[in-house]
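Take a look at the structure set out below.
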Amino acid sequence: MPSSATSTSSIDEVKDIDEHLKQVEKDILRLERKLAALRDKALRLNDRRRSLTVTAPWITRLPPDILAQIFVRGTKSHSSATSDVQQCRVSLPIAVSQVCRQWRRVALQLPQLWNYIDMSEGRPYNRTYVWLKRSRNLPLDISIDYRNEPDSAYYQRNFLVTLNVVIPYIYRWGSIKVIAPESLLETALHVFSAPAPMLHTLVLKGWARPEDDRAEQWSPTIFHRNTPALRNVHLHGIALKWESCIFSEMRDCTMSWIPSDTAYKLPELAQFLRIASPCLQRLSVIASPARPRGDGDANNILRRVLPYQVTLPRMQELRLESLDLIDVQTLFPLLLTPSLRKLILAKIARGSGK
């Protein structure tokens with residue numbers, strides 16, 4: 001039989017175990033209560049998350065890459081109206097960058113939103129400099145519109161300031177459109193003297209004052225004759241001497257509102273065709289309303305300049321508008337256009353001007 005000392009020791013150990021068991025059970029109960037509280041909190045958080053996900057607009061949940069594509073598509077306008085282009089390419093980037101932090105972050109990482117430089121902002125061109133920086137190294141689409149400005153010394157100086165803002169970036173020009181009185185436009189042509197390796201579209205629109213009677217053509221060596229990417233040219237109301245500015249890679253050329261008594265006689269058109277013939281696909285020649293010409297002037301000027309045919313192997317579309325019938329009849333036999341698909345003759349005047 002165990003001694004009395006051994007029995008006493010066992011009884012004390014059992015008491016200790018019972019005390020520990022009670023403490024362990026208390027800890028288990030406390031942890032179970034805490035676990036239940038955590039589970040309840042998790043349920044409430046999931047319910048809150050679910051409610052926010054359901055009620056939030058779907059566009060706020062778009063991935064950044066999809067949102068970026070929407071922003072870029074939004075700047076594309078299918079309208080030719082200047083106001084629509086400005087709305088898409090000027091207003092939209094400003095608007096989307098001010099909606100929320102996520103949209104602003106996406107917009108500022110898209111140089112495609114900021115490469116349209118609209119110089120109608122005016123001095124000191126703070127917005128322009130910001131956009132030039134945000135556009136990084138992308139080609140720039142530049143618009144300079146002075147159609148509503150008077151032809152005065154003040155605006156001539158202001159026009160030069162405008163040009164000085166964008167001239168340092170001429171190596172990044174993708175397209176340039178200048179609309180201005182004739183005197184300002186001539187200034188621009190002389191300033192455009194550096195190479196423009198990225199330039200693909202050139203639009204120059206000018207007009208003379210009623211008291212001006214310009215009989216000569218402009219012959220600035222624009223872009224240092226270095227425009228390897230130039231494909232589209234639109235000249236409105238002006239005449240350039242093509243030998244001084246060779247655009248031999250043109251695909252689409254429009255010469256509109258040509259003064260019938262001063263510029264772009266058929267010899268100049270012939271010179272242009274010689275230069276542009278390898279690649280030219282679309283040509284539009286739109287004169288100002290033709291003035292009456294007598295039958296005595298009906299000589300074959302072009303035949304003396306082009307005694308042989310000019311081959312335009314890629315010409316697909318030809319538009320002649322407001323020219324004299326005699327010039328048109330002289331021109332066609334001298335052009336060889338094997339790929340021509342579309343011919344447009346509009347407002348062709350007879351020798352009497354009718």
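Counting from 1, the numbers follow the sequence of the chain as shown. All of these numbers come straight from a predicted model, not from anything done at the bench.
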Stepwise side chain to side chain contact (heavy atoms under 4.5 Å, CB included) check, Leu35 with Leu31: CA-CA 6 Å; Leu35 181 62; Leu31 291 175; over 6 Å; no
Criterion side chain to side chain contact (heavy atoms under 4.5 Å, CB included) on Ile144 and Ile179, from CA distance to verdict: CA-CA 6 Å; Ile144 302 175; Ile179 305 176; over 6 Å; no
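By the 6.0 Å contact criterion, CG on Asp16 is enclosed, its count of non-hydrogen atoms from other residues, nucleotides or ligands being greater than 12.
Judged as a salt bridge (charged side-chain N to carboxylate O under 4.0 Å, His left out), and not counting sequence neighbours, the contacts of Glu249 are Arg251. By the side chain to side chain donor-acceptor pair (under 3.5 Å) test, Thr201 is found to be paired with Asn232, residues two or more places apart in sequence or in another chain being considered. Residues passing the side chain to side chain donor-acceptor pair (under 3.5 Å) test with Arg44, sequence neighbours excluded: Asp40. When the side-chain contact (heavy atoms from CB on, under 4.5 Å) test is applied to His234, the partners found at least two apart in sequence or on another chain are Val203, Lys205, His236, Thr254, Ser256. Residues passing the side-chain contact (heavy atoms from CB on, under 4.5 Å) test with Arg134 are Arg104, Leu108, Trp114, Val130, sequence neighbours excluded. For Ser284, the side chain to side chain donor-acceptor pair (under 3.5 Å) test picks out no residue, with sequence neighbours left out. By the side-chain contact (heavy atoms from CB on, under 4.5 Å) test, Lys133 is found to be paired with no residue, residues two or more places apart in sequence or in another chain being considered. Residues that satisfy the salt bridge (charged side-chain N to carboxylate O under 4.0 Å, His left out) test with Arg319, not counting sequence neighbours, are Glu321. Listed by chain and number, the residues in a side-chain contact (heavy atoms from CB on, under 4.5 Å) with Ala229 amount to none (sequence neighbours excluded).
Taking the ring centroids of Tyr116 and Trp131, they lie at or beyond the 6.0 Å cut-off.
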Using distance only, find each side-chain donor-acceptor pair of residues 162-173 under 3.5 Å and give its atom names and separation, not counting sequence neighbours.
residue : atom : partner : partner atom : Å
Thr162  : OG1  : Tyr125  : OH           : 2.5
Thr162  : OG1  : Tyr146  : OH           : 2.9
Thr162  : OG1  : Asn158  : O            : 3.0
Asn164  : ND2  : Leu160  : O            : 3.1
Arg172  : NE   : Leu138  : O            : 3.1
Arg172  : NH1  : Arg136  : O            : 2.8
Arg172  : NH2  : Ser135  : OG           : 2.8
Arg172  : NH2  : Arg136  : O            : 2.8
Arg172  : NH2  : Leu138  : O            : 3.0
Trp173  : NE1  : Val166  : O            : 3.2
Trp173  : NE1  : Tyr169  : O            : 3.4

Report all side-chain donor-acceptor pairs from residues 21-30 shorter than 3.5 Å, counting only partners two or more places apart or in another chain.
residue : atom : partner : partner atom : Å
Gln23   : NE2  : Asp27   : OD1          : 3.4

Check residues 90-101 and write down every donor-acceptor pair under 3.5 Å in which the side-chain atom is one partner and the other belongs to a residue at least two apart or another chain.
residue : atom : partner : partner atom : Å
Ser97   : OG   : Pro93   : O            : 3.0
Ser97   : OG   : Ile94   : O            : 2.9

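Taken to the nearest 0.5 Å, the CG atom of Leu202 stands 9.5 Å off from the SG atom of Cys253. Atom CZ in Arg89 sits 6.0 Å away from atom OG1 in Thr75 (nearest 0.5 Å). Rounding to the nearest 0.5 angstrom, the gap separating the CD1 atom in Ile286 from the CG atom in Leu320 is 9.5 Å. Taken from NZ in Lys342 to CE in Met315, the straight-line distance is 14.0 Å, to the nearest 0.5 Å. The structure places NZ of Lys177 at 4.5 Å from OG of Ser143, a figure rounded to the nearest 0.5 Å. Atom NE2 of His20 sits about 15.5 Å away from atom NZ of Lys15, to the nearest 0.5 Å.
A 4.5 Å side-chain heavy-atom check between Arg314 and Ser339 finds every atom pair outside the cut-off. Looking at heavy atoms from C-beta onward, Leu184 lies in side-chain contact with Pro181 at the 4.5 angstrom threshold. Looking only at side-chain heavy atoms (C-beta outward), Asn115 and Ile117 stay at 4.5 Å or farther from each other. Using a 4.5 Å heavy-atom cutoff, the side chains of Leu45 and Leu43 are not in contact. Looking at heavy atoms from C-beta onward, Asp145 lies out of side-chain contact with Ser120 at the 4.5 angstrom threshold. Contact of the Leu336 side chain with the Leu312 side chain is not registered, since no non-hydrogen atoms from C-beta on lie closer than 4.5 Å. For the pair Leu132/Leu140, a side-chain contact is recorded, criterion being any heavy-atom separation below 4.5 Å from C-beta on. Here the side chains of Glu317 and Ile344 are in contact, with some heavy-atom distance below 4.5 Å.
Under the 4.5 Å side-chain heavy-atom criterion for ILVMFWY residues, a single connected hydrophobic cluster contains both Leu230 and Met255. In this structure, Phe159 is a member of the same hydrophobic cluster as Met119, with clusters built from ILVMFWY side-chain heavy atoms closer than 4.5 Å. In this structure, Met198 is not a member of the same hydrophobic cluster as Val233, with clusters built from ILVMFWY side-chain heavy atoms closer than 4.5 Å.
Across Glu121 and Asn126, no two heavy atoms sit closer than the pair OE2-N, 3.1 Å. Closest of all the heavy-atom pairs between Leu318 and Leu340 is N-CD1, 3.9 Å. Residue Pro228 comes nearest to Ala196 through the heavy atom pair CD-O, 4.3 Å, listed as atom of the first residue, atom of the second, then distance. Of all non-hydrogen atoms in Val161 and Arg123, the two that sit nearest each other are CG2-NH2, 2.8 Å. Across Leu189 and Ile222, no two heavy atoms sit closer than the pair O-CG2, 3.1 Å. The two residues Pro111 and Gln109 make their nearest non-hydrogen contact at CD-O, 3.3 Å.
Remark: side-chain polar atoms of His200 are paired, donor with acceptor, to backbone N or O of Gly174 under 3.5 angstrom. Judged by distance alone, the side chain of Gln316 and the main-chain N or O of Arg282 form no donor-acceptor pair under 3.5 Å.
Using a 3.5 Å distance cut-off with no hydrogens or angles, the side chains of Asp141 and Ser175 do pair a donor with an acceptor.
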